[in-house]
Amino acid sequence: MQVLSRAAARDGALRRALRAVYEEIDASAGTGALPSPAALLLGADPPGGRELARGPVGLQQVAHYGAAVAWQRVLAGRYGPPDALLAVSFGELAALTAAGAWTVGAGARAAYGLAGVLARTPGGLTLIGCGEARAAELAARAGGGRVAVGCVNSPRECVLGGPPDRLAAVEGLAAAEGLSAVRLHLPFGSHHPELGRQRGEFEEVLRGGPPIGPTAVPVYSAVAGRRYTPADDLAARVADCLVRPAHLPRILALLAAHGHTDYREAGPGSALGRNAADCLRGTGARVHGTGEECVHGAGTERVHGTRAERVHGTGEEERERGQRTVTTDRTLDELLHGRHHPGRLPRLHRALARHPYRVAEAAAEREPYLYRRLRSLLRALPAAADLHADPDGLAAVLAWAAVADPRLGMTVVTQSVLGQGSLLRLAGARKDVGPELGAVDAGDLRIGYLVTEAGRASSHLGAGTVAEFRPDRREFVLHTAEEADVKFGGVPQYPGPRGAVVIARAVDAAGRAGGVFAFLVRLADHDGPRPGVALSAPVPVGALPLSYHRVRFDGVRVPEAHWLRDDADLDADGHLHDPRTPEDRLRRTLAVGQDLWGVLPTALAALARQSAVLAVRHSRHRETRAALAPGTPLLAHRSQQRALLGALADAFALSCAAARARELLAAARESDAAGAESGFAPWAAVSRPLSAYKAHCADEAERIIAECQRCCGHAGLADGNRLAGYHGFARSFDPAGGDSRLIRYDLGRALLAEAGPGGPPPVPADLGDPGWWPAVLARHQHTLTAWLRRATAERARGGATPFEVWNPLLDRAAELGAAYAARLAAEDLPRALAALPPDGATDALAHLAALRAADRTAGALLRHRTLAPGELAGLENALERGYDRLLPYLEQVERAFAFPDDIVLPEGFPEGSPEGSPSSSPGGFPEGSPGVPAREGRSEGPNTPSEQEFPE
């Protein structure tokens with residue numbers, strides 16, 4: 001606190017704010033008989049942090065709380081009110097006060113009550129200089145199951161919590177491995193799952209004080225991992241700080257996805273700012289006051305962060321000693337495939353390589369073949385709960401399966417991502433669906449996901465299928481009321497037990513319609529469809545041949561345990577009690593879409609990369625016969641180079657966006673937009689940034705793969721060469737997984753409603769600046785928003801209905817939504833480069849991808865006057881230099897992007913590595929890369945499966 005006192009002595013505004021805040025605290029009479037913080041901290045001899053800690057219980061916490069509130073007032077006075085507040089741990093109290101949720105005195109009373117709880121809280125905290133995965137590994141190895149990661153401060157720093165003796169064992173192990181580990185001088189623990197009793201005590205303190213009102217400024221919580229909404233019980237959420245971890249990188253990722261780029265720390269220290277700068281390095285964001293400000297930030301949004309160092313920090317001198325960097329940057333393999341246990345991808349590779357690819361158009365041949373591939377894959381995977389807890393792992397499974405066979409990839413989407421994801425997210429109790437989860441994991445039960453209704457395809461704002469509750473038997477009965485309500489989706493034809501997660505409207509025993517819920521329904525067994533289930537003849541879908549059917553229900557009985565009720569309930573009389581509104585219930589039921597949107601971009605990027613590799617190999621070996629240059633390889637032609645070098649660059653950009661989507665999924669497993677309004681479809685209300693990534697990546701992958709097909713001529717159309725299937729998979733996700741057009745409509749409407757005033761952001765003059773393209777798109781989004789705001793306001797003033805206002809403007813709203821999604825993806829390029837080791841190939845890929853995106857968008861940029869013609873004058877020459885810059889790295893990029901040949905080797909394409917390239921393992925992966933087993937004769941380690949683990 002001496003740092004604060006010195007700052008107050010130099011800064012009159014801060015001194016006045018501190019005195020005003022502390023006087024409000026003194027007058028509140030809610031902090032017992034504590035001495036006045038103002039007299040102590042603003043006097044001639046202010047106490048240090050340790051002296052303050054030795055004072056009466058609560059003095060330290062109240063003093064820190066008041067300092068954060070005062071500092072935030074100073075920041076707001078100097079730089080304007082914040083667009084959002086970031087709350088980290090104890091900073092929740094100051095953030096809620098600054099947001100207007102309660103008075104200064106009420107917040108101080110909460111801080112004082114928390115201090116009383118902490119005084120009786122066991123445990124300790126250790127600052128460790130490594131990333132989250134390494135910290136968790138150390139805790140598991142030496143913590144005896146009692147040490148947990150309590151705070152993730154940055155990719156290079158965490159705080160562990162647990163019993164002091166267990167922490168000492170972890171500290172010893174860390175020291176032996178060369179990691180810094182500093183025990184914080186705190187006589188209590190925090191952010192630990194064993195503190196449930198203390199959490200309950202703190203919640204009682206909060207409920208016993210003044211109620212916490214709505215926030216006037218958005219508050220993002222590092223503990224909740226999302227933005228608070230009006231539907232939140234804030235007393236419960238604040239109390240969660242004692243038992244749930246605080247994850248700064250994830251909440252910063254969410255803030256960045258929502259467009260916030262300017263950060264200031266609401267406190268005299270700089271630890272939070274330094275950690276934020278570490279998390280945001282390379283993104284173009286600006287973190288002020290850390291000495292590490294990024295100068296390429298394009299936006300003007302301000303975020304004030306509040307944090308109390310004494311909750312999970314320590315003195316500045318101890319924090320500096322704990323700041324040692326011990327983690328390495330992300331490798332290119334990690335960017336493309338995610339971070340995994342060393343044995344995970346080789347195991348996945350082996351499972352997929354067991355069964356060679358077959359076109360198998362006829363269902364009688366295709367279904368057994370896909371079933372065998374699925375069983376081999378399932379046996380190589382962890383249990384569903386473990387897989388869904390790891391976004392990188394789930395994404396890798398989908399990506400590798402889709403590359404091996406797009407039909408298998410779609411089966412993984414419906415069964416593992418959406419089906420099992422719904423069971424894990426929404427079951428009232430895990431035991432209710434435990435046997436079914438186990439049966440799916442074992443391959444003994446296949447399930448699908450039935451949400452689409454024939455008469456309402458693409459929009460899921462309502463469900464015509466009805467589930468009526470019968471209290472005498474404690475079961476639901478499903479009915480298809482009208483022809484429009486018939487479900488459409490994938491239902492396997494292979495004999496054996498089959499089921500589906502069915503989305504239907506619940507009706508309770510009193511006949512009252514409830515919200516839209518998910519139900520686990522058995523569709524068929526070994527003898528065929530179950531009573532009441534009618535399956536149509538297979539519906540042919542040539543782009544992605546699978547067993548699609550129309551499904552009708554006539555009195556299908558579903559036990560109450562298979563109602564995926566989430567937090568709703570039925571009483572003894574069968575009356576439905578749902579704490580959510582119907583709109584929020586629909587959003588929650590379909591929130592499994594977040595999982596799909598978080599992992600689907602990884603699969604789409606993988607398909608785009610493999611398509612580009614196949615096209616490059618084809619063009620290298622395909623000779624031209626034209627008189628211009630007979631016998632010349634197709635790849636020597638500049639037009640082919642532009643197309644294929646461009647496809648590789650665009651696939652790299654797509655891979656960077658996919659990596660970001662995985663990070664956002666990890667940060668937002670609970671939707672960040674709870675209570676948001678649904679417009680044309682519920683998707684943007686489920687998760688705005690992830691729905692944007694889904695729409696953008698599906699569109700980009702379809703474009704890239706189609707270009708690769710064209711470059712391969714006849715070979716690109718042959719089913720056996722996989723490109724047609726890749727294109728069908730990408731194309732199907734324009735309407736599937738949330739209609740992309742409706743997503744863009746809603747993105748545009750939502751952005752318009754939230755956009756604030758301000759001028760367009762500046763754009764660097766140099767087209768080679770990594771921040772140029774993100775800045776251009778930020779300006780373009782601003783320009784489109786301003787035009788659309790004027791247009792809607794003009795129509796509304798004339799008395800038009802909402803439909804009359806929006807009907808002629810939907811395409812412009814979609815254009816704004818697309819610009820927002822493109823901006824997110826553009827920002828991912830410099831962010832990814834900043835995390836990768838310096839490399840000429842990735843630099844060239846990112847540079848060319850940005851220039852190509854600008855070239856494709858040039859017409860819109862000029863039409864809307866986002867840029868003047870002169871600002872794009874050098875684009876064509878820059879593009880040619882970009883192709884020349886990438887060309888020398890072609891074989892290196894090809895090796896990095898290629899999947900192993902034994903799962904992707906197509907018909908009619910040359911085998912093996914490109915001629916003249918360095919020796920590599922099959923598919924162009926350097927030996928030892930993720931997913932590539934060691935060559936014959938080498939040990940593969942304990943995590944590589946044996947052949948016996950994959951029986952037929």
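The basis for the numbers below is simple: all heavy atoms, side chains too, and nothing from hydrogens, waters or symmetry mates.
- A salt bridge does not link R703 with E707: every distance from a Lys NZ or Arg NE/NH1/NH2 to an Asp or Glu carboxylate oxygen is 4.0 Å or more.
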Exercise for review: Kindly indicate, with the supporting measurements, whether the criterion side chain to side chain contact (heavy atoms under 4.5 Å, CB included) is fulfilled by W806 and L788.
Suggested key: CA-CA 10 Å; W806 281 104; L788 194 56; 4.1 Å; yes

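- Relative orientation of the H780 and H864 rings is tilted, given thresholds of 30° and 60° on the angle between their planes.
- The OG1 atom of T783 sits 12.5 Å away from the CZ atom of R863 when rounded to the nearest 0.5 Å.
- We find the CD-CG distance between E702 and D734 to be 6.5 Å, quoted to the nearest 0.5 Å.
- With salt bridges taken as basic N to acidic carboxylate O contacts below 4.0 Å, one links D884 and R638.
- At least one side-chain heavy atom of L890 sits under 4.5 Å from a side-chain heavy atom of L648.
- Distance alone, capped at 3.5 Å, is enough to place a donor-acceptor pair between the Y726 side chain and the V403 backbone.
- Residues V893 and F652 are not in side-chain contact: their nearest non-hydrogen atoms beyond the backbone lie 4.5 Å or more apart.
- Taking the six-membered ring where the residue is Trp, H337 and W400 present tilted rings, their angle falling between 30° and 60°.
- Between R264 and R78, the closest side-chain pair of non-hydrogen atoms is not below 4.5 Å.
- Although no hydrogens or angles enter the test, the distance criterion places a donor-acceptor pair under 3.5 Å between the side chain of W597 and the main chain of G737.
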Point to revise | D650/R856 under side chain to side chain contact (heavy atoms under 4.5 Å, CB included): CA gap, chis, key distance, verdict | key: CA-CA 12 Å; D650 295 347; R856 290 192 300 273; 3.4 Å; yes

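- Residue E876 qualifies as open at atom CD: its count of foreign heavy atoms under 6.0 Å is 12 or below.
- Between the E157 side chain and the S154 main chain, no donor and acceptor come within less than 3.5 Å of each other.
- Taking CH2 of W787 as the reference point, atom OG1 of T792 lies at 9.0 Å (rounded to 0.5 Å).
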Exercise for review: Applying side chain to side chain contact (heavy atoms under 4.5 Å, CB included), run through V219 and R227 and close with a yes or a no.
Suggested key: CA-CA 6 Å; V219 174; R227 180 178 57 203; over 6 Å; no

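- Atoms CD1 and CD, on I705 and Q610 in that order, are 10.5 Å from each other to the nearest 0.5 Å.
- Every pair tested for ring-ring contact (aromatic ring centres under 6.0 Å, His included) that includes a residue from residues 816-847 fails, sequence neighbours excluded, so the list is empty.
- Residue L335 comes nearest to A659 through the heavy atom pair CD1-CB, 3.6 Å, listed as atom of the first residue, atom of the second, then distance.
- Put simply, the side chain of Q709 gets close to the backbone of G716: a donor and an acceptor are under 3.5 Å apart.
- When atom types are taken as modelled, the side chain of S619 and the backbone of L635 share no donor-acceptor pair closer than 3.5 angstrom.
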Practice item. Check step by step if side chain to side chain contact (heavy atoms under 4.5 Å, CB included) holds for T866 and V763. Key: CA-CA 10 Å; T866 299; V763 174; over 6 Å; no

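- Taking every heavy atom of both residues into account, L752 and T785 meet most closely at CD1-O, 3.5 Å.
- In this structure, the separation between CG on L872 and CG on L851 is 10.5 Å, given to the nearest 0.5 Å.
- For L654 against E700, the heavy-atom pair with the smallest separation is CD1-CB, 3.9 Å.
- Nearest approach of L248 to N153, heavy atoms of both residues: CD2-O, 3.2 Å.
- Around atom CZ of R865, no more than 12 heavy atoms belonging to other residues, nucleotides or ligands sit under 6.0 Å away.
- With salt bridges taken as basic N to acidic carboxylate O contacts below 4.0 Å, one links D828 and R831.
- Nearest approach of S691 to L747, heavy atoms of both residues: OG-CD2, 4.1 Å.
- The side-chain heavy atoms of P869 and L862, taken from C-beta on, include a pair separated by under 4.5 Å.
- In this structure a side-chain-to-backbone donor-acceptor pair under 3.5 Å is present from R744 to A695.
- For Y883, the OH atom counts as densely surrounded, since its 6.0 Å shell holds more than 12 non-hydrogen atoms of other residues, nucleotides or ligands.
- The closest side-chain heavy-atom distance from F897 to L336 is below 4.5 Å.
- The backbone N or O of L634 lies less than 3.5 Å from no partner atom in the side chain of Q640, so there is not a single donor-acceptor pair.
- Rounding to the nearest 0.5 Å places CG of L600 at 14.0 Å from OH of Y693.
- Contact between A775 and P762 at its shortest, heavy atoms only, is CB-O, 3.7 Å.
- With contacts defined as side-chain heavy-atom distances shorter than 4.5 Å, the pair R642/L879 does not qualify.
- Within the 4.5 Å cutoff, the side chain of L596 has heavy atoms near those of the F733 side chain.
- By the 4.5 Å heavy-atom criterion applied to side chains, L861 and E871 are not counted as neighbours.
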